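Step one of this worksheet: look at the structure below.
Chain A is the first sequence line, chain B the second, and so forth, proteins listed ahead of strands; every chain is numbered from 1. Since we're looking at a predicted model, the values are computed, not measured.
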There are 2 protein chains.
Amino acid sequence: MDEIIERIEKELRESGKKSSRTRRKVIEVFFSCGGHLSVEDLYREVKQRYPDIGYVTVYRTLKVLEELGYATSLDVGDGSTRFETALRQHHDHLICTVCGRIYEFFEPEIEVLQNLVARKNDFRILDHTLHIFGICKECQK
Amino acid sequence: MDEIIERIEKELRESGKKSSRTRRKVIEVFFSCGGHLSVEDLYREVKQRYPDIGYVTVYRTLKVLEELGYATSLDVGDGSTRFETALRQHHDHLICTVCGRIYEFFEPEIEVLQNLVARKNDFRILDHTLHIFGICKECQK
DNA sequence: GATTAAATTGAAATTCTTTTTCAGAATAGT
DNA sequence: ACTATTCTGAAAAAGAATTTCAATTTAATC
């Protein structure tokens with residue numbers, strides 16, 4: 001956990017940026033939360049522990065993390081952009097339209113087929129998002 | 001083409017709404033354009049032929065079409081929501097991040113695998129979106 | 001054709017999220 | 001310590017989606 005933050009701070013310094021206490025705190029909270037947070041969500045979490053940190057700093061920190069590849073933004077269709085840590089393996093999402101919960105899955109065969117489709121269309125894949133919307137186990141009860 | 005509009009107008013009337021000349025014009029333009037249009041895009045198209053029609057009407061007409069299932073909204077990550085006609089078979093998208101062009105594809109095996117994933121997770125699928133971002137054939141040259 | 005109730009329209013205003021601006025504070029390098 | 005640059009927070013701006021409201025249009029009835 002600390003190693004990751006160290007690595008990020010190092011990368012920041014190497015790219016001519018400064019490593020600030022404030023940003024470090026935001027990064028800490030982000031990685032400790034885990035989930036699929038909107039800027040607003042993370043801001044609320046940060047505010048609890050560090051009341052002096054402002055919304056814009058949280059917003060900018062997420063942008064920085066995204067640029068460095070440590071966070072990924074994802075649009076679940078609820079109006080606000082969510083961010084998740086990009087430390088784990090690539091995965092796709094099952095999004096419950098009732099409770100809003102987001103589940104993750106990884107299906108290698110789908111990945112393979114996507115590459116196939118891309119090749120057929122002479123398309124060079126940079127990224128992809130697969131969102132399956134529906135009703136989760138809990139909400140079906 | 002006219003049949004479709006007739007059908008839509010009929011459905012509208014049946015659900016207690018009125019069929020107006022203005023909305024009909026917007027619907028005509030929408031179906032004649034085809035593509036993946038933002039509200040703004042369609043508004044511009046409509047404005048050319050019918051200068052008196054306002055933005056809000058275009059916006060609301062797209063909403064109505066979406067409710068009835070004749071249009072589908074899609075988020076390609078460029079900040080504005082796109083709408084496409086929902087008359088053709090379901091398909092997914094290849095989105096060129098260079099030129100913004102959107103290509104469509106349908107891969108039955110991916111659909112099957114998605115159902116499999118859903119079943120494994122006791123998830124009842126309502127909808128899904130698969131967007132592959134990358135560089136299209138044209139832009140690779 | 002006139003009458004009436006309800007839906008539709010366009011412009012403006014509002015909401016909500018994302019992004020920029022700017023002056024002051026913090027940081028890194030000398 | 002000194003200086004240049006980055007970072008921060010608040011406020012403002014930008015941008016898209018949505019609502020409000022008075023005037024108009026439409027559908028149904030007389």
Which residues, if any, of residues 23-37 of chain B bring a heavy atom under 4.0 Å of DNA chain D? none
Within this structure, what is the CG-to-P distance between A/Asp41 and C/dC16, rounded to whole angstrom? 16 Å
Quick one: do B/Arg88 and B/Glu104 make a salt bridge, cutoff under 4.0 Å? yes
Length of the CG-C1' vector between B/Asp78 and C/dT17, whole Å: 16 Å
With sequence neighbours left out, write down each residue that passes side chain to side chain contact (heavy atoms under 4.5 Å, CB included) with A/Val112, or none if nothing qualifies. none
Tell me: OH of A/Tyr50 to C1' of D/dG9, nearest whole Å? 18 Å
Roughly, in whole Å, what's the span from CD in B/Glu9 to C1' in C/dT8? 13 Å
Could you measure the distance from the CZ atom of B/Phe106 to the CG atom of B/Asp92? Nearest 0.5 Å is fine. 8.0 Å
Kindly compute the distance separating OG (A/Ser19) from CD1 (A/Ile27), expressed to the nearest 0.5 Å. 9.0 Å
Under-4.0 Å salt bridge between A/Glu6 and A/Lys10: no
Angle by which the axis turns from one end of the helix from C/dG1-D/dC30 to C/dT30-D/dA1 to the other, five pairs per end, to 10 degrees: 30°
How does protein contact run along nucleotides 17-30 of chain D, one letter per nucleotide 5' to 3', with B for base contact, S for sugar-phosphate only, - for none, heavy atoms under 4.0 Å? SBBB-----BS---
Using whole Å, report how far CG of A/Leu62 lies from C1' of C/dT17. 14 Å
Could you check whether atom CD of A/Glu14 has more than 12 heavy atoms from other residues, nucleotides or ligands sitting under 6.0 Å from it? yes
The reported gap from CD1 in A/Ile8 to CZ in A/Arg23 (rounded to nearest 0.5 angstrom) is 10.5 Å
B/His90 and B/His128 side chains, donor-acceptor separation under 3.5 Å: yes
Only pairs under 3.5 Å count here: list side-chain donor-acceptor contacts from residues 58-65 of chain B, not counting sequence neighbours, and write none if there are none.
residue, atom, partner, partner atom, Å
B/Thr61, OG1, B/Thr57, O, 2.7

Quick test of your reading of the model: are A/Arg24 and A/Glu9 salt-bridged, counting only N-O distances below 4.0 Å? yes
Length of the CG-C1' vector between A/Asp52 and C/dG24, whole Å: 15 Å
Could you list the donor-acceptor pairs under 3.5 angstrom formed between side-chain atoms of residues 66-83 of chain B and any protein atom two or more places apart in sequence or on another chain?
residue, atom, partner, partner atom, Å
B/Glu66, OE2, B/Ser73, OG, 2.8
B/Tyr70, OH, B/Arg7, NE, 3.3
B/Tyr70, OH, B/Glu11, OE2, 2.5
B/Asp75, OD1, B/Gly77, N, 2.8
B/Asp78, OD1, B/Ser80, N, 3.2
B/Asp78, OD2, B/Arg82, NH2, 2.8
B/Arg82, NH1, B/His36, O, 2.9

